[in-house]
There are 2 protein chains.
Amino acid sequence: MFEFKHFFRGAYSVNIGLITFKSGKLFLLLQQKEEYPSQNEIGLPGKIILPNEETEAALKKLMLELLGTNDFYRKQLNAFTAVNRHPLGRVACFSYYGLIPFQNIQKPLSSKLSWEPLNNIPNLCYDHNQIVEMILNRFRKGLLRHPRVFEFLPDQFTITDIITIYEQAFSTKIDASNFGKQILKSDLVMPTGAYRKDSGRPAKLYEFNKSAYIKKPKDKMHFNF
Amino acid sequence: MFEFKHFFRGAYSVNIGLITFKSGKLFLLLQQKEEYPSQNEIGLPGKIILPNEETEAALKKLMLELLGTNDFYRKQLNAFTAVNRHPLGRVACFSYYGLIPFQNIQKPLSSKLSWEPLNNIPNLCYDHNQIVEMILNRFRKGLLRHPRVFEFLPDQFTITDIITIYEQAFSTKIDASNFGKQILKSDLVMPTGAYRKDSGRPAKLYEFNKSAYIKKPKDKMHFNF
DNA sequence: CCAAAAGTGTTGATATTACACCCATGA
DNA sequence: TCATGGGTGTAATATCAACACTTTTGG
């Protein structure tokens, strides 16, 4: 039988899939690993958690280091715990997904970091492709069920920005006319009075109206499947 | 700085919130703890994971031991990782929630186990109340967004059974007429031809039609918030 | 016949969908 | 003036919610 101390042999890590929206496209933050055993492989940003460090604290520290800010939406997903997922010993990975407006990043990206298009994720180290798959699933569900778009749009955005994000996330074509009307009707979005000029007719700029969401606690009692 | 080996000091545990439906009510399985430091306290069934044991394997072993079966729906939720959540050292807890038809339990319950009404959970050891809260949230969301009811109904059930579950889970009164029609329309449910007699008019017995769900992969592209 | 629980029908209100159409800009 | 993207209007259809009504049992 195992002695008591033999249960205390595992390590912990945090990894995050951070998503942003930049010049009309969705991106995931990836990091080239430096340390053995996966030098030069690509993976999700992450770190080993110190023995007395809280998971959130470790994550905040990491993000501050990498991006100069740790003030963004994030949510813990599953733990990845397979005995042999890491070659150096058992390391349980606590995975997160996060959303950040591109403009909020406070530091120039280190050369080890890169934003990869969400629809074209390369092969990653360890089980990180599996983690990314889970992250993308949750990302999509979040878009459908919560006003998560606003977590990674800039302060001011157009309805077309929103539509672009949904179209990419779901690889589908949306009827802009109807979708836009739904958003407006929801009151989640308030016109700022400003406009963005590009080509064609200038687009109204909106901002997120958080209070309109807070006052809707009621989960409707009908099947949604 | 930490030496490498100092990262490998943590333990892992699995805990599960198993929900069932028995004589018209929802219950959660709880276990009286035997081992130090929480003797006689109540908590979620769980165990420490062995150094070379996969998390799922540990959970399966536990459930087989407790209930005589490990064949039921379950899903991993967050990890609970606070440094001091366990008094004997850092133990990260991988939490699950599960659903089982009461009839599928193969063993008489040990005296350490009990089914507690879902709406009246007592004070639990460690951070288990917090875990239960998360489990109940996911349980409710699962009921709204997926055909999870069928995971813990018996093979044959009535529409009223379904309605009872939803009413309890959401502490609300449902219009049985409309709700029943929605269920029927969904084709998720097929009449067996049998009836259950009780008081009043006998109720048609149905069974779950899994295939009707599988062929609906399409997440509708509209806001649901 | 009555009470109780199951199940059906109807209807007005609301939401969704598919488009046609108009608007404001730069080149 | 045209191309381009932004934005409004409308009408057919589908869905929802409320609730009256009917059916089938046991006592």
Side-chain angles (χ1 to χ4, degrees), chain A residues 21 23-25 143-145 149 153-154 156-168 170 172-207 212 216 218-225, chain B residues 21 23-25 143-145 149 153-154 156-168 170 172-207 212 216 218-225:
Chain A
F21 179 64
S23 23
K25 292 193 59 179
L143 285 178
L144 291 177
R145 320 217 242 242
V149 226
L153 280 167
Q156 302 207 356
F157 49 82
T158 67
I159 301 294
T160 305
D161 287 339
I162 300 179
I163 292 172
T164 307
I165 288 172
Y166 277 80
E167 290 192 331
Q168 287 182 36
F170 296 95
T172 184
K173 181 82 192 110
I174 291 172
D175 181 316
S177 158
N178 290 327
F179 200 80
K181 271 179 286 189
Q182 264 198 70
I183 294 167
L184 289 229
K185 200 178 49 182
S186 75
D187 280 325
L188 288 168
V189 121
M190 307 280 284
T192 62
Y195 286 80
R196 178 195 297 162
K197 293 193 183 190
D198 220 330
S199 60
R201 172 174 174 177
K204 254 188 187 148
L205 285 164
Y206 292 86
E207 53 192 13
K216 296 171 79 191
K218 191 173 153 31
D219 245 321
K220 285 206 300 174
M221 259 311 305
H222 69 81
F223 287 123
N224 192 235
F225 56 89
Chain B
F21 180 64
S23 22
K25 290 193 62 181
L143 286 177
L144 291 178
R145 321 218 240 241
V149 226
L153 280 166
Q156 302 208 353
F157 50 81
T158 67
I159 301 293
T160 306
D161 287 339
I162 300 179
I163 292 171
T164 307
I165 288 172
Y166 277 79
E167 290 192 331
Q168 285 183 36
F170 297 95
T172 185
K173 181 81 191 113
I174 291 173
D175 180 317
S177 158
N178 290 328
F179 200 79
K181 272 179 286 189
Q182 265 197 71
I183 294 167
L184 288 234
K185 201 179 45 182
S186 74
D187 279 324
L188 288 167
V189 121
M190 308 278 285
T192 62
Y195 287 79
R196 177 194 298 162
K197 294 191 181 189
D198 220 330
S199 59
R201 173 174 174 176
K204 256 190 186 144
L205 284 164
Y206 292 85
E207 53 192 12
K216 296 172 78 190
K218 193 172 150 33
D219 244 321
K220 287 205 299 173
M221 259 312 307
H222 69 79
F223 287 123
N224 192 236
F225 55 87

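What you see is a predicted model, and the numbers here were worked out from it, not measured in a lab. Chain letters run A, B, ... following the sequence lines, proteins first, then strands; residues in each count from 1.
The ring-ring contact (aromatic ring centres under 6.0 Å, His included) test applied to B:Phe157 returns B:Phe150, not counting sequence neighbours. By the side-chain contact (heavy atoms from CB on, under 4.5 Å) test, A:Pro202 pairs with A:Tyr195, A:Lys197, sequence neighbours left out. Here B:Arg201 pairs with nothing under the side-chain hydrogen bond (donor to acceptor under 3.5 Å, both in side chains) rule; sequence neighbours left out. Remark: A:Lys173 pairs with A:Glu167 by the side-chain hydrogen bond (donor to acceptor under 3.5 Å, both in side chains) rule, at least two apart or across chains. Scored by the side-chain contact (heavy atoms from CB on, under 4.5 Å) test, B:Asp198 finds no partners at all (sequence neighbours excluded).
The distance from atom CG of A:Asp198 to atom P of D:dG6 is 8 Å, rounded to the nearest whole Å. Across the protein-nucleic acid pair, A:Ile174 atom CD1 and C:dT17 atom P stand 11 Å apart, rounded to whole Å. The distance from atom CD of A:Gln182 to atom C1' of D:dG7 is 16 Å, rounded to the nearest whole Å. Between the CZ atom of A:Phe179 and the P atom of D:dG7 there is a distance of 15 Å, given to the nearest Å. Regarding A:Lys185, its NZ atom lies at a distance of 15 Å from the C1' atom of D:dT8, rounded to whole Å.
Using a 4.0 Å heavy-atom criterion, one finds that A:Asp175 contacts the bases of the nucleic acid, with or without backbone contacts as well.
Expressed to the nearest 0.5 Å, how far CG of A:Leu188 lies from CD of A:Gln182 amounts to 11.0 Å.
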Given protein heavy atoms under 4.0 Å, the one-letter contact record of nucleotides 2-10 of chain C, with B base, S sugar-phosphate only and - none, is simply --BBBSBBB
